[in-house]
Novice: 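So that we are looking at the same thing, I have put the structure below in structure tokens.
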Amino acid sequence: MVRNSLIQLLKTAVKILVEKNGFSADVEDLVEVEPPKQAEHGDFATNFCLVASKKLGQNPRVLAEMLVEAIREADQNQLVTEIDIAGPGFINFKLSATQVAAHIGTVLEKAEDFGRLENDSPERINVEFVSVNPNGPITIGSGRGAALGSALCNVLEAAGNEVHREYYINDGVNSEQMRLFAESVKAIIEGRPVPDNGYKGDYVYDVAQSIKSSSGNNQSNFAPVHFEPDAIAPMPFFEIPRFLHESGQTLAIITVDGATAKVSIEGDVRAEMPAEIAHKFVCSCENQCPPKTHRFAASYNGQTMYVDSASYAVESTFSISSVLPGHSLDLYRVASQDLMVDRQRSNLSAFQTNFDTWFSEQSLHDSGEVEKELDHLIKSNVADDGPYRIKLDMAKGGMIKDVIREEQPVDEDDAEDSLPEDRGGIEGGVENSSPSKTVWLRSTKFGDDQDRVLRRKDGRLTYIASDVAYHKDKFSRPADATKLITVLGPDHHGYIGRLTAVVAAMHADQAEPINNSEPLSEIEAKLYSSVEERNRCQASLAWAKEHLEVQIFQIVRFLKDGKPAPMRKRDGNIYALIDLVNEIGETIRPNGTEAEKQQAGSDVARFFYLMRHHDTAMDFDLELATKQSDENPVFYVQYAHARISSVIEKAKEQGFTLPPLRANGEGERGGEVTGALNFNHGLLNHPKEIALILKICDLPHEVERTAKDYSVNRLTTYAIELARTYHSFYDSCRVIQSDQPELTLARLAMCQATRIALKNALNLLGVSAPERMDRTVTN
RNA sequence: GGCCCCGUAGCUCAGUGGAUAGAGCAACGGCCUUCUAAGCCGUUGGCCGCGCGUUCGAAUCGCGCCGGGGUCGCCA
């Protein structure tokens, strides 16, 4: 855009300068321009002479004079109209209004692609975010991660990268938290009090109620149930015992309005676990098979599967007339967790946050990937069952002060830690291991401050064990991913070192050792057995740091009545994101439809989350967010968009034909294409017009910067600034003037360009750009 | 104690090593017979926590303090 044209010009001028004076230094890349703070200083300024003076051995002001001459020579298109040297050696530029205005045409042509970048070296990036445990709703705290992650993905994509949005479901059967959650749900369903340390929030009762009502809770199984076509939930659950996995074997008989259907498995299920499982169950009807197929859920081996079955009427009742007995806690776990994930998904979707993959941790256990990777780590000599743990004593600045070796007791006196009975038999990895020795990931070889347990003494695998397999797997989404980005909450800060070590360990046998013949230092000798090993581990660590980026966002403090409003209340209740969205929507658009309310609530909440840099703690004023007032910047921005839309609408009524937006399936098209772009940009030379055009043209640059440093908040600032620049222009420059059709057309083109930039910026943020805004409440 | 983050106008916060540090809100004064006043224009408001250093130049980079927040499980 404008900026780039000027940079190109400067680079050419620098080349001339270097040639003429026989400078040898390579200084072309030092060229940068930026808009000066003082408008009197012109449209752009460069500090090149100050930056390059040392390299070229020239006084900055002298250099500036030479450069100005070179610029005049290079500027054949007369982009620069005024140029002067100021201060210690700045060069200020005023650009040709006509040439600046000409960029409007480019914006209109690019339309919804304006702000998308050409990228010569695109990355294939997996972005994992939110990923909260399936034991509760998405909280307002996680909302920040959702807003950040989703907006970041949009920006990375706009910058020309391939992006895969991923949510990791912590549904491993080893999870203590999930066991507790299931126990709580089970207790509620069975009319017992929730265990002391269990989950007590209202939503837990809600989940229990949903499961109960969708299952009928008749003691031995979960039938009969109501089942709606095309709906995922509610749906019947029943459990298929693990020994039933042979082809053709009948698992259950279900009755659909008198018609009996048989559920059986086709093919060897175990071999296909888990991805293909849903397709391998077939439901065959013995008599009068209903014409339409639908899905129901079954629990198999700790996993929920959706099975195509026969059904046809909206309110038809299934009854499972025969199912093998034995509802374990696991069934409740699967049912409640599944329901929870489903709610999370729809809550996030109402918050403009969607994922390409919802990845199940348990699937890695089921497929054997975790065990496989564990073996791989042991073979790579980065994990072992030696009876000790290494801890690093870190000095300031990341230097290792000391390496401490903690011997671990080898005796087996705490067999107490064995599994609760309920969970026997379905543990990932339990049965095919010989529990006795703790298996350690020697993560201290990769910069972590202590070794981590992969497998407990009792044979159960830890969370970090699945993490290794998971990260390996992640590199396939998108195919041959070049980078993983993980967005984590502030409480996970300590996890960065561990995660990096995990990725490094996983890659350890593939890394090309660094070239370092230094013998092992005293400290290194405690970590590595050889120079070769050290070099390999360090190379692998470097690889991990290059391929895994962890972004931590800081805490959000919610204020209500000026006082902190806790996200997790003492009574176990949780302030859910969806409640926030609904509350805001309700206040702002009391007369809107449900969808409109949620859109409005989501817009405000997202904008608030994204206004602050993610790496700084923020206050979220709930009053302010729900207030439909001038204090709320999202309305300021949206209002500008609505205002533009209104002007354009009005102009159309008066017979002006607009430069069209390229078709994108929605919004207005603005009349005939032919000739519509022929507006006279030469008429645009008012300072407010130039300022607006320059601001519009900034978008690609802002996208580029944001994709580099992930500071998504920059785009909210940009949107506010663009809105401000427009409002200011609007006040000074009347757009529609029937006695000046040419000027009107040119200004309309500018309005359209502003609208494009504004809408695209808001799109990146996941905030809607309404065509009209009517105050429903005046205060 | 180690690590991470923050400290900028009365409040909430922007700010890419550049020139006289900005915006919103709050306070005050103007601007609607004409395109949406959820707007615009103006005024008031600052040892950019403190100190030292690097630099031609520091709110920005480094070190040290002071103050505030977070985090350091065989939980996930």
Side-chain angles (χ1 to χ4, degrees), chain A residues 32 34 36-38 41 45 47 50-51 53-54 59-60 86-90 92 131-133 135 168 170 172 174-178 180 361 389 392-396 398 401 408 417 438 440 449-450 452-458 460 462-464 466-467 490-497 552-555 557 611-613 615-619 621 624 628-640 642-651 653-654 701 705 709 713-714 716-717 720-721 723-724 726-732 734-737 744 747-748 751 772-775 778:
Chain A
E32 272 179 37
E34 60 180 51
K37 281 176 190 157
Q38 271 68 40
H41 290 148
N47 59 359
L50 294 161
V51 178
S53 73
K54 193 168 271 180
N59 173 296
F90 294 103
N92 294 330
S131 298
V132 300
N133 291 333
N135 57 5
Y168 187 50
N170 300 135
N174 284 325
S175 164
E176 289 296 316
Q177 295 174 27
M178 288 315 298
L180 205 53
E361 178 194 351
R389 154 185 262 183
L392 302 184
D393 188 8
M394 303 296 268
K396 191 138 188 140
K401 217 193 295 177
Q408 301 287 315
D417 255 26
T438 304
W440 298 90
D449 59 353
Q450 57 179 298
R452 307 287 168 175
V453 174
L454 288 169
R455 183 152 56 202
R456 303 171 176 99
K457 206 188 294 183
D458 64 16
R460 290 184 304 156
T462 62
Y463 180 75
I464 205 170
S466 22
D467 243 8
D491 49 334
H492 287 71
H493 163 255
Y495 206 66
I496 300 177
I552 304 285
F553 61 89
Q554 299 293 327
I555 54 162
R557 222 171 33 137
M611 269 196 303
R612 310 292 176 232
H613 192 282
D615 205 13
T616 96
M618 68 174 279
D619 284 333
D621 189 328
L624 185 58
Q628 179 182 323
S629 80
D630 326 348
E631 299 167 50
N632 202 327
V634 65
F635 297 134
Y636 182 83
V637 175
Q638 289 184 324
Y639 179 69
R643 208 178 204 188
I644 297 168
S645 304
S646 170
V647 171
I648 289 174
E649 200 51 42
K650 185 79 76 181
E653 279 169 23
Q654 298 189 14
H701 183 237
R705 290 175 61 203
D709 68 6
N713 67 303
R714 179 176 296 121
T716 61
T717 308
I720 292 170
E721 282 173 2
R724 179 167 42 244
Y726 180 80
H727 284 313
S728 180
F729 150 80
Y730 175 90
D731 195 67
S732 308
R734 196 182 162 76
V735 177
I736 302 172
Q737 301 181 61
T744 301
R747 286 186 172 166
L748 279 172
C751 287
R772 52 181 302 133
M773 279 171 82
D774 303 301
R775 221 190 235 286
T778 32

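Here the structure is a predicted model, which means the values were calculated and not measured. By convention in this document, chain letters (A, B, ...) are assigned in the order of the sequence lines, proteins followed by strands, and residues within each chain are numbered from 1. Computed from heavy atoms alone, side chains included, the values below leave out hydrogens, waters and symmetry copies.
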Novice: Hey, does A:Leu50 reach any base, or is it just sugar-phosphate, or nothing, if we go heavy atoms under 4.0 Å?
Specialist: base
Novice: Below 4.5 Å, heavy atoms only, C-beta onward: do A:Arg389 and A:Gln408 meet side chain to side chain?
Specialist: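 A:Arg389 vs A:Gln408: side chains touch.
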Novice: Under 4.0 Å between any heavy atoms, over every strand shown, what does A:Ala45 touch: base, sugar-phosphate, or nothing? Just pick one.
Specialist: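 Since a base atom lies under 4.0 Å of A:Ala45, the category is base.
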Novice: If you only use heavy atoms from C-beta on, which nucleotide in B:A76, B:G39, B:C35 is closest to the side chain of A:Tyr495?
Specialist: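 Nearest nucleotide to the side chain: B:A76.
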Novice: Of the listed nucleotides (B:C35, B:G70, B:A19), which one gets closest to any side-chain atom of A:His41?
Specialist: B:A19
Novice: Quick check for you: among B:C5, B:A76, B:C40, whose closest atom lies nearest to any side-chain atom of A:Tyr636?
Specialist: B:C40
Novice: If I take atom CD in residue A:Glu32 and atom P in nucleotide B:A19, what distance separates them, rounded to the nearest angstrom?
Specialist: 15 Å
Novice: Check whether NZ of the Lys or CZ of the Arg A:Arg643 lies under 6.0 Å from the centre of the six-membered ring of A:Tyr726 and within 45 degrees of that ring's axis.
Specialist: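 No; the conditions do not both hold, so A:Arg643 does not lie above the ring face of A:Tyr726.
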Novice: Between B:U12 atom P and A:Gln554 atom CD, what is the distance in whole Å?
Specialist: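 Between P of B:U12 and CD of A:Gln554: 18 Å.
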Novice: Indicate, with a heavy-atom threshold strictly under 4.0 Å, whether A:Arg747 touches base, sugar-phosphate, or nothing.
Specialist: nothing
Novice: Expressed in whole Å, how much space separates the P atoms belonging to B:G42 and B:G24?
Specialist: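 To the nearest whole Å, 10 Å.
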Novice: Using the P atom as the point on both nucleotides, what is the distance between B:U36 and B:U43, in whole Å?
Specialist: 29 Å
Novice: Could you tell me the separation between the CZ atom of A:Arg452 and the P atom of B:C72, rounded to a whole number of Å?
Specialist: 11 Å
Novice: Within the structure shown, what part of the strands sits under 4.0 Å from A:Glu721 by heavy-atom distance: base, sugar-phosphate, or nothing?
Specialist: nothing
Novice: Take atom C1' in B:C25 and the same atom in B:G45, then report the distance between them in whole Å.
Specialist: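 Rounded to whole Å, the distance is 13 Å.
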Novice: Would you indicate what A:Asn47 reaches in the nucleic acid, counting non-hydrogen atoms under 4.0 angstrom: base, sugar-phosphate, or nothing?
Specialist: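 The residue A:Asn47 makes base contact.
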Novice: Can you check whether A:Trp440 reaches A:Leu454 side chain to side chain, under 4.5 Å on heavy atoms?
Specialist: no
Novice: Looking only at heavy atoms, which two atoms of A:Pro60 and A:Leu50 are closest? And how far apart?
Specialist: CB-CD2, 4.0 Å
Novice: How would you label the contact of A:Ser646 with the nucleic acid (heavy atoms, under 4.0 Å): base, sugar-phosphate, or nothing?
Specialist: base
Novice: Could you tell me whether A:Asp458 and A:Arg456 have a side-chain N and a carboxylate O separated by less than 4.0 Å?
Specialist: no
Novice: Do A:Val51 and A:Glu32 pass the side chain to side chain contact (heavy atoms under 4.5 Å, CB included) test, and can you show the C-alpha distance, the side-chain angles, and the key distance before you say yes or no?
Specialist: CA-CA 10 Å; A:Val51 178; A:Glu32 272 179 37; over 6 Å; no
Novice: Specify the residue among A:Arg734 and A:Asn133 whose closest nucleotide of RNA chain B lies further upstream toward the 5′ end.
Specialist: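 Mapping each residue to its closest nucleotide by heavy atoms, the 5'-most match is A:Arg734.
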Novice: At their closest point, which heavy atom of A:Gln177 faces which heavy atom of A:Asn135, and how far apart are they?
Specialist: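 Closest pair (atom of A:Gln177, atom of A:Asn135, distance): OE1-ND2, 3.7 Å.
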Novice: For A:Gln654, is the CD atom crowded, meaning more than 12 foreign heavy atoms sit under 6.0 Å from it?
Specialist: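 Yes, the 6.0 Å shell around CD holds more than 12 heavy atoms from other groups.
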Novice: Grab the NE2-P distance between A:His492 and B:C5 for me, whole Å please.
Specialist: 18 Å
Novice: Do you know the tightest heavy-atom contact between A:Met611 and A:Thr716?
Specialist: CA-OG1, 3.5 Å
Novice: Just verifying a value: how many Å separate A:Thr717 OG1 and A:His613 NE2, rounded to the nearest 0.5 Å?
Specialist: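 NE2 of A:His613 is found 10.5 Å from OG1 of A:Thr717.
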Novice: Taking atom C1' in both B:C63 and B:G69, compute the distance separating them and give it to the nearest angstrom.
Specialist: 23 Å
Novice: Report each atom pair, protein N/O against N/O of nucleotides 1-3 of chain B, whose distance is under 3.5 angstrom.
Specialist:
residue : atom : partner  : partner atom : Å
B:C3    : OP1  : A:Gly397 : N            : 3.0

Novice: Taking the same atom, C1', in B:G15 and in B:G1, what whole-Å distance lies between them?
Specialist: 35 Å
Novice: Choose from B:A38, B:U12, B:U16 the nucleotide whose nearest atom is closest to any side-chain atom of A:Arg705.
Specialist: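 Output: B:U16.
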Novice: Taking syn as any angle within 90 degrees of 0 and anti as the rest, which one fits B:C32?
Specialist: syn
Novice: Taking the side chain of A:Val51 as its heavy atoms from C-beta onward, which of B:C40, B:G18, B:C74 lies nearest to it?
Specialist: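 Comparing B:C40, B:G18, B:C74 against the side chain of A:Val51, the answer is B:G18.
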Novice: Look at the side-chain N and O atoms of A:Asn713 and state whether any lies under 4.0 Å from the OP1 or OP2 oxygen of B:G15.
Specialist: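 Checking B:G15 against A:Asn713, a side-chain N or O does come within under 4.0 Å of OP1 or OP2.
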Novice: Provide the distance between the two C1' atoms, one in B:A26 and one in B:G10, to the nearest whole Å.
Specialist: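 To the nearest whole Å, 8 Å.
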Novice: For B:U16 and B:C5, measure between their P atoms and round to the nearest Å.
Specialist: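 After rounding to an integer number of Å, I get 16 Å for this pair.
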Novice: Measuring from the side chain of A:Ile555 (C-beta onward, heavy atoms only), which nucleotide among B:C74, B:G69, B:C35 has the closest atom?
Specialist: B:G69
Novice: Just the dot-bracket of RNA chain B, please: which string comes out with Watson-Crick or G-U pairs under 3.5 Å, [ ] for crossing, | for another strand?
Specialist: (((((((..((((....[...)))).(((((.......))))).....(((((..]....))))))))))))....
Novice: Base, sugar-phosphate or nothing for A:Asp467? Non-hydrogen atoms, less than 4.0 Å.
Specialist: nothing
Novice: When you measure from the side-chain N and O atoms of A:Arg456 to the phosphate of B:C75, is any distance below 4.0 Å, counting only OP1 and OP2?
Specialist: yes
Novice: Minimum heavy-atom separation for A:Ile736 and A:Ala651, please, with both atom names.
Specialist: CD1-N, 3.6 Å
Novice: Which is true for A:His613 with a 4.0 Å heavy-atom rule: it touches a base, it touches only sugar-phosphate, or it touches nothing?
Specialist: sugar-phosphate
Novice: Choose from B:A37, B:C56, B:C41 the nucleotide whose nearest atom is closest to any side-chain atom of A:Tyr730.
Specialist: B:A37
Novice: For A:Ser53 and A:Pro36, take the nucleotide of RNA chain B holding the closest heavy atom to each; which residue's nucleotide lies nearer the 5' end?
Specialist: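 Upstream on the strand: A:Pro36.
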Novice: In whole Å, what is the span from the NE2 atom of A:His727 to the C1' atom of B:A38?
Specialist: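 Atom NE2 in A:His727 sits about 8 Å away from atom C1' in B:A38.
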Novice: Taking only the P atom of each, what is the distance from B:U60 to B:A19 in whole angstrom?
Specialist: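 After rounding to an integer number of Å, I get 13 Å for this pair.
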Novice: Using a cut-off of 4.0 Å on non-hydrogen atoms, how would the nucleic acid contact of A:Arg772 be classed: base, sugar-phosphate, or nothing?
Specialist: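 Base, at least one base atom sits under 4.0 Å.
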Novice: Does the side-chain ring of A:Tyr639 sit on the six-membered ring of the B:G39 base, less than 5.5 Å centre to centre and under 30° in tilt?
Specialist: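 Stacking between A:Tyr639 and B:G39: absent.
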Novice: For B:A19, does the base pair up with any side-chain atom of A:Asn92 as donor and acceptor (N or O, under 3.5 Å, distance only)?
Specialist: yes
Novice: Which whole-number value in Å describes the distance from A:Asn135 CG to B:C75 C1'?
Specialist: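 Rounded to the whole Å, the gap is 11 Å.
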Novice: Are OP1 or OP2 of B:A21 and a side-chain N or O of A:Lys37 less than 4.0 angstrom apart?
Specialist: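 False: A:Lys37 side-chain N/O out of range (4.0 Å or more) of B:A21 OP1/OP2.
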